[in-house]
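Here the structure comes first, spelled out in structure tokens, and everything after it is commentary.
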There are 2 protein chains.
Amino acid sequence: MGSSMEELYRYFDQFYLLNQASRDALEKTCSEILILKNELLQPFGHTCKTIYYIKSGIARIFYYKDGRDITEYFAFENKIVARVESLFPGQPSKKAIQMLEDSHLIAIHVPGLYQLYDTFPQIERLFRLIFEAGYVETVNRMESLQFHTAEERYLDLLKKPNIIQRIPLKHIAYYLGITQVSLSRIRSALK
Amino acid sequence: MGSSMEELYRYFDQFYLLNQASRDALEKTCSEILILKNELLQPFGHTCKTIYYIKSGIARIFYYKDGRDITEYFAFENKIVARVESLFPGQPSKKAIQMLEDSHLIAIHVPGLYQLYDTFPQIERLFRLIFEAGYVETVNRMESLQFHTAEERYLDLLKKPNIIQRIPLKHIAYYLGITQVSLSRIRSALK
DNA sequence: GACTTCCTTTTACATTTGTTAAATAGTCAC
DNA sequence: GTGACTATTTAACAAATGTAAAAGGAAGTC
């Protein structure tokens with residue numbers, strides 16, 4: 001596990017520099033996962049107890065509403081993915097996580113992580129800062145859903161590399177809060 | 001300040017029970033504020049450095065888009081309000097906080113709070129848990145903006161006490177992501 | 001009470017988005 | 001390559017929402 005953690009530590013360093021004791025303790029809660037395209041990383045109805053770091057691949061969080069497959073979130077390599085609305089309150093999630101490419105992940109076991117919080121305040125701080133950043137991202141996304149047009153949201157998404165090239169448009173449409181037909185109209189109007 | 005903190009501690013107790021040393025330290029970062037209806041608690045363009053607990057009254061976070069006054073968030077008595085997208089990254093906010101009633105607040109000075117995090121891990125944990133709950137609330141709100149109809153969102157809002165009675169419909173409309181005219185149509189269709 | 005101001009609803013029309021179905025394009029397995 | 005399957009676009013119509021302007025209501029001041 002040692003060397004494969006290096007990439008994860010570089011990710012953590014962006015938020016907070018852990019001392020060696022904290023790193024060693026944290027490593028014990030981590031394990032590696034290889035998972036194929038289209039497979040579910042986490043099923044529906046499951047209470048989320050894992051935080052995943054994506055070494056390679058793409059994850060999406062999705063759920064069904066009125067029989068329709070709605071994508072709530074995409075996560076790419078070098079990012080964290082977790083269903084916080086299940087993880088934090090300890091409630092079952094009505095959402096699942098699926099991989100959109102063959103992926104290489106590091107799983108962080110959260111009950112083990114929470115035990116470390118008491119002994120290693122640095123670890124608690126690290127994850128506080130990581131989730132604070134996720135909170136800010138969600139507030140900004142909410143603002144764009146609340147008062148930007150679908151076309152504005154699509155143009156914002158185009159600015160981010162990889163998204164359009166690597167994710168089917170049907171998922172992108174629902175992520176933007178519109179149907180696939182409506183996204184197709186927006187795209188053809190832009191040509 | 002002593003007795004007026006009791007209510008705040010009862011709020012904190014819902015998230016985490018602080019020991020007495022932490023309480024005493026925390027109290028030094030707090031001050032009381034009385035503010036009148038319609039006044040701005042925090043101006044536009046200001047980097048948020050304060051978390052407010054609302055003893056009485058209503059706050060709204062809002063901003064202007066294309067000259068229109070958009071309400072992003074409401075907070076009632078016995079709740080916390082802060083512009084996290086400014087507080088966490090330390091960036092100026094394009095949003096302001098306004099009180100919708102004469103209000104009684106407790107202001108928590110965040111630079112002072114952050115200093116306490118190193119000495120009192122219990123305080124860091126308390127605020128981690130408070131903001132985790134806020135994160136979950138925001139994820140759920142985002143989901144409702146992404147894929148519920150405006151009518152569904154309005155009916156959800158009706159279930160919460162106080163909102164409709166105490167807040168002008170023009171603010172509620174934009175909070176729901178629609179215009180006041182559209183909200184008025186939805187309301188009359190429900191009669 | 002009359003006046004002003006602000007809040008809310010209503011009306012008419014334009015625009016956007018949804019729905020359903022069909023057509024086209026692309027991908028994968030064999 | 002062929003066939004099966006999936007993804008994307010297009011078309012036609014329905015429903016929802018936006019825009020602008022006017023009309024009612026409600027609340028506060030004098």
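Convention: sequence-line order gives letters A, B, ...; per-chain numbering from 1. Only a predicted model underlies this, so the values are computations on that prediction, with no experimental measurement involved.
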If we ignore angles and hydrogens, is there a donor and acceptor under 3.5 Å between the side chains of A:Y175 and B:Q146? no
Are the aromatic rings of B:F147 and A:Y174 close, with centres under 6.0 Å apart? yes
To the nearest 0.5 Å, how far apart are CD1 in B:I106 and CD1 in B:I80? 9.0 Å
Would one find more than 12 heavy atoms of other residues, nucleotides or ligands at under 6.0 Å from atom CD of B:Q115? no
Base, backbone or nothing for each nucleotide of nucleotides 11-27 of chain C, written B, S, -, heavy atoms under 4.0 angstrom, 5' to 3'? BB----BBBB-------
Working to the nearest 0.5 angstrom, can you tell me the gap between B:L105 CG and B:E32 CD? 9.5 Å
With heavy atoms of chain A within less than 4.0 Å as the criterion, where does contact along DNA chain D begin and end? D:dA7 to D:dA12
Between P on C:dC7 and CD1 on B:I164, what's the gap in Å once rounded to a whole number? 16 Å
Output field: ring centroids A:F127/A:F12 closer than 6.0 Å: yes
With a 6.0 Å cut-off (strictly less than), is the heavy-atom count around NZ of B:K79, excluding the residue itself, greater than 12? no
More than 12 heavy atoms of other residues, nucleotides or ligands under 6.0 Å from CD of B:Q14: is that the case? yes
